[in-house]
Amino acid sequence: MAHLIRVAACHASPIFLNARKTTDKAVSLIKHAALNKANLIVFPETYISAFPIWSSIRPPTENHSLFQRMVQESVYADGEEMDEVREAARSTGTLVSIGFSEKSRHSNGCLFNSNLIIGTEGEVLVHHRKLVPTFFEKLTWSPGDGHGLRVADTKFGRVGALICGENTNPLARYALMAQAEQLHISSWPAIWPTRVSQKEVEEKEEDGLKSLKKGGVNYDNLAANKTRLAAHCFEAKCFGVACSGHLNTDAIEAVVNDASQPDVVAETLRSMPRAATFFLNPTGSPLSTFTFKEQSTVAQNVEYLQNEEGILYADIDFDECIEGKQYHDVVGGYQRLDVFDLKVDRSRRDPVTFSETTRKLE
């Protein structure tokens, strides 16, 4: 098995709520990264074809049409869009990890927040559905199951993935650590608002001193993403890539349109800090990363991508995952298997099981 791998993380926006065009863009990015000798190409959370940011800043009573569009522009795991992504992986000989909003064949309105890890022959290695949609995401996605808590054993190394807030779940992370994970993929949306933008709402004078009353502070998802990935890399002694989406103008326009408070929605979308795409090494520290300018084969060192689209690359040597295991192998020598016992149910959960029997007539 090869120990060296080049990983490409696509800090990219979808064509908002357009599965067909977003799939075409994903295929184009796969081919572009493959030309730059990438072995694994990673996409953000629900890249095909949107992340439902409207649920965080608009009341549910205003979002019926957006949910309908979300359902219409979500895709089946075995549908034509994912077939094209799988063919792109096969034709380029690359591994691909891609997030998508998944339709269910049991319901015309049930969606899952899902991720596929695809092998170099176009085969599905891991099909994961997010265990628990986080906060406002529950208005769009149903809970997944443990079926996808698997590490893909590839010719380049052992690759695992969790989606967004799942990287806060220590048991889900431990389940991947216990499968000798060497590279951990964490996928994220472009922004994750927990409060609308709050400007000064009151200004008053007291004893000649100016006092400002302001709204609460928005959740700093950029800092949180770094903390979570660094913790996992340090505990698992694995490499990590945080691949985040990019918020494009088409998404902003769609969410602002028809909002009852368009100025508040627009200001919130404008002021939220953007998530970043970056790599960490097995100590949780930043890894040397680079990009390629268009039509150039010369690498340019870049620490992370945040405010503009691009592909961030890192060259990884999985032998570097070994040394730290001497100090803290939390699934081996630094674990007490006689004290702790974790069981993970990886069966796929369906809403109904049908059986049919034929009885012989006497």
Whether [X] side chain and [Y] backbone form a donor-acceptor pair below 3.5 Å:
{"X": "Arg346", "Y": "Gly148", "answer": "no"}
{"X": "Gln306", "Y": "Arg274", "answer": "yes"}
{"X": "Glu81", "Y": "Arg20", "answer": "no"}
{"X": "Thr268", "Y": "Val196", "answer": "no"}

Honestly curious: do [X] and [Y] fall in one hydrophobic cluster under the side-chain, below-4.5 Å linking rule?
{"X": "Leu312", "Y": "Leu29", "result": "no"}
{"X": "Leu66", "Y": "Ile252", "result": "yes"}
{"X": "Ile185", "Y": "Leu305", "result": "yes"}
{"X": "Leu125", "Y": "Leu40", "result": "yes"}

Between [X] and [Y], does at least one N-O distance fall below 4.0 Å, as a salt bridge requires?
{"X": "Asp350", "Y": "Arg348", "result": "no"}
{"X": "Asp83", "Y": "Arg90", "result": "no"}
{"X": "Glu45", "Y": "Lys130", "result": "yes"}
{"X": "Glu73", "Y": "Lys103", "result": "no"}

From [X] atom [atom1] to [Y] atom [atom2], the distance as rounded to the nearest 0.5 Å:
{"X": "Cys233", "Y": "Glu181", "atom1": "SG", "atom2": "CD", "result": "8.5 Å"}
{"X": "Leu17", "Y": "Gln68", "atom1": "CG", "atom2": "CD", "result": "11.5 Å"}
{"X": "Ile98", "Y": "Cys243", "atom1": "CD1", "atom2": "SG", "result": "10.0 Å"}
{"X": "Tyr313", "Y": "Lys37", "atom1": "OH", "atom2": "NZ", "result": "12.0 Å"}
{"X": "Asn63", "Y": "Ser55", "atom1": "CG", "atom2": "OG", "result": "5.0 Å"}
{"X": "Glu121", "Y": "Leu95", "atom1": "CD", "atom2": "CG", "result": "10.5 Å"}

Next item on the list: Evaluate salt bridge (charged side-chain N to carboxylate O under 4.0 Å, His left out) for Arg105 paired with Asp78, printing each intermediate quantity in order.
Entry: CA-CA 11 Å; Arg105 297 195 185 278; Asp78 59 354; 2.7 Å; yes

Next item on the list: Apply side chain to side chain donor-acceptor pair (under 3.5 Å) to Tyr174 and Gln335, showing your working.
Entry: CA-CA 12 Å; Tyr174 183 85; Gln335 182 57 277; 3.0 Å; yes

Checklist line | For Asp345, side-chain contact (heavy atoms from CB on, under 4.5 Å) partners two or more places apart | finding: Ser347, Arg349

Any heavy-atom pair between the side chains of [Y] and [X] that's under 4.5 Å?
{"X": "Lys226", "Y": "Leu222", "value": "yes"}
{"X": "Leu4", "Y": "Phe318", "value": "no"}
{"X": "Phe279", "Y": "Phe239", "value": "no"}
{"X": "Ile57", "Y": "Val265", "value": "yes"}

Checklist line | Aromatic Tyr219 / basic Arg195 pairing, under 6.0 angstrom, 45° off normal | finding: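 Judged by the rule, Arg195 and Tyr219 form no cation-pi pair.
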
Next item on the list: Would you verify whether the NZ or CZ of Lys25 falls within 45 degrees of the ring axis of Phe43 while also being under 6.0 Å from that six-membered ring's centre?
Entry: no

Notebook entry, point to check: Step by step, would you call Glu102 with Arg129 a salt bridge (charged side-chain N to carboxylate O under 4.0 Å, His left out)?
Noted result: CA-CA 9 Å; Glu102 180 187 355; Arg129 292 172 175 169; 2.8 Å; yes

Going by atom type alone, with no hydrogens or angles, which donor-acceptor pairs under 3.5 Å involve a side-chain atom of residues 159-169 and a protein atom two or more places apart or on another chain?
{"residue": "Glu166", "atom": "OE1", "partner": "His128", "partner atom": "NE2", "Å": "3.0"}
{"residue": "Glu166", "atom": "OE1", "partner": "Ile163", "partner atom": "N", "Å": "2.8"}
{"residue": "Glu166", "atom": "OE2", "partner": "His128", "partner atom": "NE2", "Å": "2.9"}
{"residue": "Glu166", "atom": "OE2", "partner": "Leu131", "partner atom": "N", "Å": "2.7"}
{"residue": "Asn167", "atom": "OD1", "partner": "His184", "partner atom": "NE2", "Å": "2.7"}
{"residue": "Asn167", "atom": "ND2", "partner": "Cys164", "partner atom": "O", "Å": "2.9"}
{"residue": "Thr168", "atom": "OG1", "partner": "Gly165", "partner atom": "O", "Å": "3.2"}
{"residue": "Thr168", "atom": "OG1", "partner": "Arg228", "partner atom": "NH1", "Å": "2.7"}
{"residue": "Asn169", "atom": "OD1", "partner": "Leu171", "partner atom": "N", "Å": "3.0"}
{"residue": "Asn169", "atom": "OD1", "partner": "Ala172", "partner atom": "N", "Å": "3.1"}

Item checked: Audit row: Trp54, Phe136, ring-ring contact (aromatic ring centres under 6.0 Å, His included) steps and yes/no -> CA-CA 9 Å; Trp54 56 82; Phe136 57 82; 9.6 Å; no

